[in-house]
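To keep things clear, I will list the structure first and then write my remarks on it.
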Protein chains: 2
Amino acid sequence: MGQEANSDGTVGKALDVLDMVAARGKPVRFSDLLAQSAFPKATLYRFLQTLTNQSMLTYDEDRGTYALGVRLVRLAHTAWAQSSLAPLARSYIDELAVESGETIHLAQMDQGQVLYVDKRNAATPVEMFSSAGKVGPAYCTGVGKAMLAFMPDEAVEKALTRQSFHCFTPQTLDTPAKLKSELQVIRAQGHAFDREEHEPGIICCAVPIISRVGRVLGALSMTSTTHRTTLDALEAQAGRIKDTAERIATAAESWRFPEQD
Amino acid sequence: MGQEANSDGTVGKALDVLDMVAARGKPVRFSDLLAQSAFPKATLYRFLQTLTNQSMLTYDEDRGTYALGVRLVRLAHTAWAQSSLAPLARSYIDELAVESGETIHLAQMDQGQVLYVDKRNAATPVEMFSSAGKVGPAYCTGVGKAMLAFMPDEAVEKALTRQSFHCFTPQTLDTPAKLKSELQVIRAQGHAFDREEHEPGIICCAVPIISRVGRVLGALSMTSTTHRTTLDALEAQAGRIKDTAERIATAAESWRFPEQD
DNA sequence: AGATTAAGTTTCACATAATGGAACCACTAG
DNA sequence: CTAGTGGTTCCATTATGTGAAACTTAATCT
């Protein structure tokens with residue numbers, strides 16, 4: 001299962017190892033990793049040692065397993081604060097969530113995948129990391145399609161090669177062709193729908209967040225369930241969502257990090 | 001100053017660069033980094049290139065600045081889920097927060113610093129990453145002292161060398177000696193206080209979370225303000241907090257990640 | 001303009017640091 | 001005792017990272 005050889009030398013390889021550990025989603029043994037990595041035993045071993053030393057991984061003595069380390073959590077806090085739209089967009093999202101009473105997602109594109117960076121739900125309190133940091137498929141989520149529709153062709157093509165086109169529900173657009181024609185429609189109307197394409201009963205309306213120079217910064221979606229509302233009702237909110245997206249884009253534009261000298 | 005030379009070869013150095021970028025807390029220019037790093041220009045340059053390639057950093061063309069990349073957010077999500085107490089402790093913390101109406105923090109020790117991995121406040125909704133991932137000093141926070149008090153001497157000594165002992169408030173224990181005698185007391189009574197040692201007006205009562213074999217897994221604290229409650233009132237809750245901490249410890253003990261083969 | 005400095009990028013001979021086959025160790029099972 | 005499994009260490013070979021210096025822009029000054 002192609003963990004493709006990386007071109008970034010030693011550091012790249014070490015980071016691949018990190019990803020391998022992350023991919024399992026649970027603590028993993030040396031031999032498990034060895035089995036699926038192209039690295040020889042000694043090499044993999046050294047990487048694990050180094051990463052553990054660096055607190056990028058933690059080693060559980062008792063069980064002999066490696067897991068992602070807490071240093072990542074620390075770094076991510078800063079990453080999230082300084083290179084995601086979330087801190088900037090917070091107040092706008094809050095407002096939208098309260099007014100609509102529906103769940104709002106803020107997402108960005110990361111290597112062809114949708115990365116959720118924030119989530120707000122007027123009713124239930126936020127579930128910390130359980131949503132921020134989560135990734136999802138781009139081809140069958142509202143936010144994913146909204147972003148793809150407004151990205152340059154070249155970037156879209158590249159992203160398409162990374163999609164699995166797994167068919168989650170009968171509504172899933174499971175071929176590049178279907179998806180591309182949908183993107184046309186989205187581009188025309190300015191917002192995307194998720195018509196239970198990812199999960200049955202879950203629908204959403206999403207709009208892209210686009211910078212003044214036309215770059216897709218992220219996307220915003222309002223999510224609900226089929227037994228609470230309808231697509232038409234969500235579409236009625238599209239203008240409101242678009243408005244919020246625009247305000248976020250403007251905020252992002254004018255935002256300068258405070259210069260300190 | 002003093003980004004100590006790391007012994008973990010190329011990978012370690014690259015990760016140091018990541019930390020340097022993180023330390024600024026804002027996007028940073030090549031020359032800024034160069035100024036404060038021991039690396040020669042070309043070397044630093046290559047690291048930045050590599051890390052950017054790997055999406056560990058993002059490069060802002062327009063401003064010529066580097067910031068932590070989104071890949072970290074993704075990794076952190078997994079890290080948080082698989083190697084922090086947070087997912088496990090969630091329900092217990094929720095309960096404690098609701099019952100007490102006060103803010104509850106869950107923290108772990110990371111390289112001599114307190115790393116907050118979760119936070120719950122019965123009143124106001126959670127602020128996502130703004131608390132999880134945040135770090136604080138060990139020597140002047142309730143959770144920090146609670147953990148230190150029950151760690152093996154050797155580990156405490158190591159941690160002490162990493163403390164700045166900056167004097168935040170008149171109450172701050174600003175020498176290793178003062179701290180050590182405080183740790184004695186904490187060990188005896190089983191819980192630690194923060195008597196406005198970090199921030200004026202902020203007090204808390206914290207207890208360690210200790211595994212069956214005596215290892216400190218983390219700490220739990222109940223935080224409030226001097227004009228809402230008193231230390232005595234908080235101490236009255238100590239039993240309740242301890243109870244929760246024990247239940248979390250038990251849960252952590254019996255928890256096995258699902259085996260898949 | 002032309003000269004001057006600063007900021008960022010590329011080059012290349014050199015030495016360090018990564019590599020990985022093989023040997024080794026510690027268990028466990030037969 | 002022997003074979004097997006899972007993990008760790010060695011070490012000669014060489015790929016990789018290193019960093020001084022040269023180079024390219026892009027501002028700033030005279």
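Numbers restart at 1 for each chain; the letters A, B, ... are given by sequence-line order, proteins then strands.
- Applying the ring pair (Phe, Tyr, Trp, His ring centres under 6.0 Å) test to B:Phe30 and every residue at least two apart in sequence or in another chain returns B:Tyr45.
- The line from CG of A:Leu106 to CZ of A:Arg90 is 11.0 Å long, rounded to the nearest 0.5 Å.
- A donor-acceptor contact closer than 3.5 angstrom is absent between the side chains of A:Gln113 and A:Arg162.
- Remark: P of D:dG19 and CG of B:Leu48 are 15 Å apart, rounded to the nearest angstrom.
- Regarding B:Phe30, its CZ atom lies at a distance of 11 Å from the P atom of C:dA7, rounded to whole Å.
- Rounded to whole Å, the distance from CG on B:Asp60 to C1' on C:dG8 is 16 Å.
- For the residue pair B:Ala146 and B:Ala219, the shortest heavy atom distance occurs at CB-CB, 4.4 Å.
- The salt bridge (Lys or Arg N to Asp or Glu O under 4.0 Å) test applied to B:Arg247 returns B:Glu95, B:Asp243, not counting sequence neighbours.
- Whole-Å rounding puts the A:Tyr45 OH to D:dC10 P distance at 11 Å.
- In this structure A:Glu157 satisfies the salt bridge (Lys or Arg N to Asp or Glu O under 4.0 Å) test together with A:Lys180, sequence neighbours excluded.
- Legend: residues meeting ring pair (Phe, Tyr, Trp, His ring centres under 6.0 Å) with A:Phe150, ordered by chain and number and at least two apart, are absent.
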Annotated protein contacts, base or backbone, on nucleotides 15-21 of chain C with a non-hydrogen cut-off under 4.0 Å, one of B, S, - each: --SSBBB
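- In this structure, the nucleotide among C:dT9, C:dA7, D:dG7 sitting nearest to the side chain of B:Ser31 is C:dA7.
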Report each atom pair, protein N/O against N/O of nucleotides 28-30 of chain C, whose distance is under 3.5 angstrom.
none

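- Put simply, CZ on B:Arg24 and CG on B:Asp32 are 5.0 Å apart, with the number rounded to the nearest 0.5 Å.
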